[in-house]
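To start, the structure itself, in structure tokens.
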Amino acid sequence: MTWCVYLTHPEVEIDPDVPIQEWRLSEIGHDRAALAADLPFAKDFQRIVSSGEVKAVETAEIVGGHLELKPLVLKALHENDRSATGYLAREEFERTADQFFANPDESIRGWERAIDAQMRIVTGIRAVLRSVKEEDPVLFTGHGAVGTLLMCHLMGAPISRAHDQKRGGSWYRFDKDWLTSQSGSSLAWTEL
């Protein structure tokens, strides 16, 4: 059975004048991303798949460099579309993200609906997993909200920020079969 890991990008350099998709890892984020290559099971990865945001691709390249794997970029794994608001200061972003998760069937301030983002992400990951050997472990890298939406689906739980990571640069492991079974099993984030 294929097992997978979802890893979120760690700390970034926040610059309101740079499009969010182009934010890069900070020095601390870069160092923390390198820790993923030291996870006990990391040497078993056969494929690394990243969303297209620079911070996620950098995370994937750091881990992939240690493992001699070149990441595949999958557009469907991008973070929820927040272009309607662009950059928001931290407190305002957190309030808006709370509403995004609490009202998954609504567009909050023009953001992509959480339910739509979740469907896009699950469909994209399913497509990747159909293309890999059953026994090949896969690392996915991306944004925390993407990982949370995926986690809710895997657990068969309603979309909720209660399942969100506490800090960027966190990961969880899941089995390929969970994408179809929604076993109701519980998952938990682990920090690098």
Side-chain angles (χ1 to χ4, degrees), residues 1-12 20-25 29-81 116-156 163-165 167-183 185-192:
M1 173 184 306
T2 301
W3 56 268
C4 309
V5 169
Y6 188 89
L7 169 66
T8 66
H9 66 79
E11 290 85 352
V12 297
I20 295 167
Q21 299 82 0
E22 295 177 25
W23 286 354
R24 305 186 69 84
L25 292 178
H30 196 279
D31 292 345
R32 287 189 65 226
L35 296 174
D38 294 330
L39 293 172
F41 49 77
K43 66 183 178 2
D44 297 327
F45 291 128
Q46 296 298 309
R47 185 171 292 187
I48 298 177
V49 180
S50 176
S51 68
E53 295 89 10
V54 172
K55 55 201 170 202
V57 172
E58 286 179 337
T59 301
E61 288 175 343
I62 291 167
V63 179
H66 288 282
L67 303 174
E68 298 181 8
L69 291 172
K70 183 175 175 159
L72 166 73
V73 173
L74 183 65
K75 290 184 180 182
L77 294 184
H78 66 81
E79 57 193 279
N80 57 304
D81 181 354
D116 296 332
Q118 183 184 57
M119 181 56 66
R120 170 179 46 78
I121 293 157
V122 169
T123 300
I125 289 179
R126 279 187 178 137
V128 168
L129 294 179
R130 280 194 298 269
S131 71
V132 299
K133 293 180 187 172
E134 187 64 27
E135 65 275 8
D136 284 356
V138 181
L139 171 65
F140 293 94
T141 64
H143 190 263
V146 170
T148 301
L149 292 170
L150 176 62
M151 179 185 278
C152 292
H153 174 81
L154 292 169
M155 294 190 311
H163 303 291
D164 204 1
Q165 64 181 346
R167 180 180 183 198
S170 296
W171 61 272
Y172 60 86
R173 185 171 160 163
F174 65 95
D175 292 327
K176 177 180 178 181
D177 287 351
W178 277 20
L179 279 172
T180 54
S181 69
Q182 290 188 351
S183 67
S185 297
S186 143
L187 293 170
W189 291 100
T190 302
E191 285 186 21
L192 290 174

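Positions are given from 1 along the sequence.
Atom-to-atom distance recorded for Asp38:CG and Leu192:CG is 9.5 Å, nearest 0.5 angstrom. How far OG1 of Thr59 is from CG of Leu25: 4.0 Å, rounded to the nearest 0.5 Å. Atoms CG and CG, from Asp116 and Asp81 in turn, are 11.0 Å apart once rounded to the nearest 0.5 Å. Atoms CG and CD, from Leu69 and Glu61 in turn, are 12.5 Å apart once rounded to the nearest 0.5 Å. Considering OG of Ser50 and NE2 of His143, their distance stands at 12.5 Å, rounded to 0.5 Å. Note that the CD atom of Gln21 and the NE2 atom of His78 stand 9.0 Å from one another [nearest 0.5 Å].
Looking at Ser51 and Glu79, their side chains never come closer than 4.5 Å, going by heavy atoms from C-beta outward. Counting heavy atoms from C-beta outward, Ser131 and Arg47 have side chains that approach closer than 4.5 Å. Taking the side chain as every heavy atom from C-beta outward, Thr2 and Glu135 never approach each other to under 4.5 Å. Between Gln46 and Lys133, the closest side-chain pair of non-hydrogen atoms is not below 4.5 Å. Contact check for Trp3 versus Trp178: no side-chain heavy atoms found under the 4.5 Å cut-off. Taking 4.5 Å as the limit, every side-chain heavy atom of Phe45 sits out of range of all side-chain heavy atoms of Asp136. For the pair Trp171/Leu139, no side-chain contact is recorded, criterion being any heavy-atom separation below 4.5 Å from C-beta on. Looking at Phe140 and Leu150, their side chains never come closer than 4.5 Å, going by heavy atoms from C-beta outward.
When all heavy atoms of Arg32 and Gly168 are compared, the closest pair comes out as NH1-O, 2.7 Å. Closest approach of Pro10 and Gly29 over heavy atoms only: CG-O, 3.1 Å. The shortest heavy-atom contact between His66 and Ile62 is CD2-O, 2.9 Å. Of all non-hydrogen atoms in Ile48 and Ala60, the two that sit nearest each other are CG2-CB, 3.7 Å. Val63 and Ala33 get closest at one heavy-atom pair: CG2-O, 3.7 Å. The minimum heavy-atom distance between Ala36 and Leu7, with the atom names listed, is CB-CD2, 3.8 Å.
Between Tyr6 and Tyr172, the two ring planes are parallel [angle under 30°; tilted spans 30° to 60°].
Judged purely by atom type and a 3.5 angstrom limit, Arg24 has no side-chain atom pairing as donor or acceptor with the backbone of Glu58.
The 12-atom threshold is exceeded at CZ of Arg173, counting heavy atoms of other residues, nucleotides or ligands nearer than 6.0 Å.
A side-chain donor-acceptor contact under 3.5 Å links Thr8 and Gln165.
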For side-chain contact (heavy atoms from CB on, under 4.5 Å), just list the numbers for Val49 and Thr141, CA-CA rounded to whole Å, side-chain angles, deciding distance to a tenth of an Å, and then say yes or no.
CA-CA 6 Å; Val49 180; Thr141 64; over 6 Å; no

Could you walk me through whether His163 and Met155 satisfy the side-chain contact (heavy atoms from CB on, under 4.5 Å) test, starting with their C-alpha distance in whole Å, then the side-chain angles of each, then the deciding distance to 0.1 Å, before giving a yes or no?
CA-CA 10 Å; His163 303 291; Met155 294 190 311; 3.1 Å; yes

When you look at Ile121 and Leu77, which way does the side-chain contact (heavy atoms from CB on, under 4.5 Å) test go after all the steps?
CA-CA 5 Å; Ile121 293 157; Leu77 294 184; 4.1 Å; yes

CA sep, side-chain torsions, deciding dist, call: Val73, Val57, side-chain contact (heavy atoms from CB on, under 4.5 Å)
CA-CA 7 Å; Val73 173; Val57 172; 4.0 Å; yes

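Looking at Glu134 and Lys176, a side-chain N of the basic residue comes within less than 4.0 Å of a carboxylate O on the acidic one, giving a salt bridge. The residues Arg167 and Glu11 are annotated as salt-bridged, a charged nitrogen and a carboxylate oxygen being separated by less than 4.0 angstrom. The existence of a salt bridge linking Lys75 and Glu53 is excluded, since no basic side-chain nitrogen approaches an acidic carboxylate oxygen closer than 4.0 Å.
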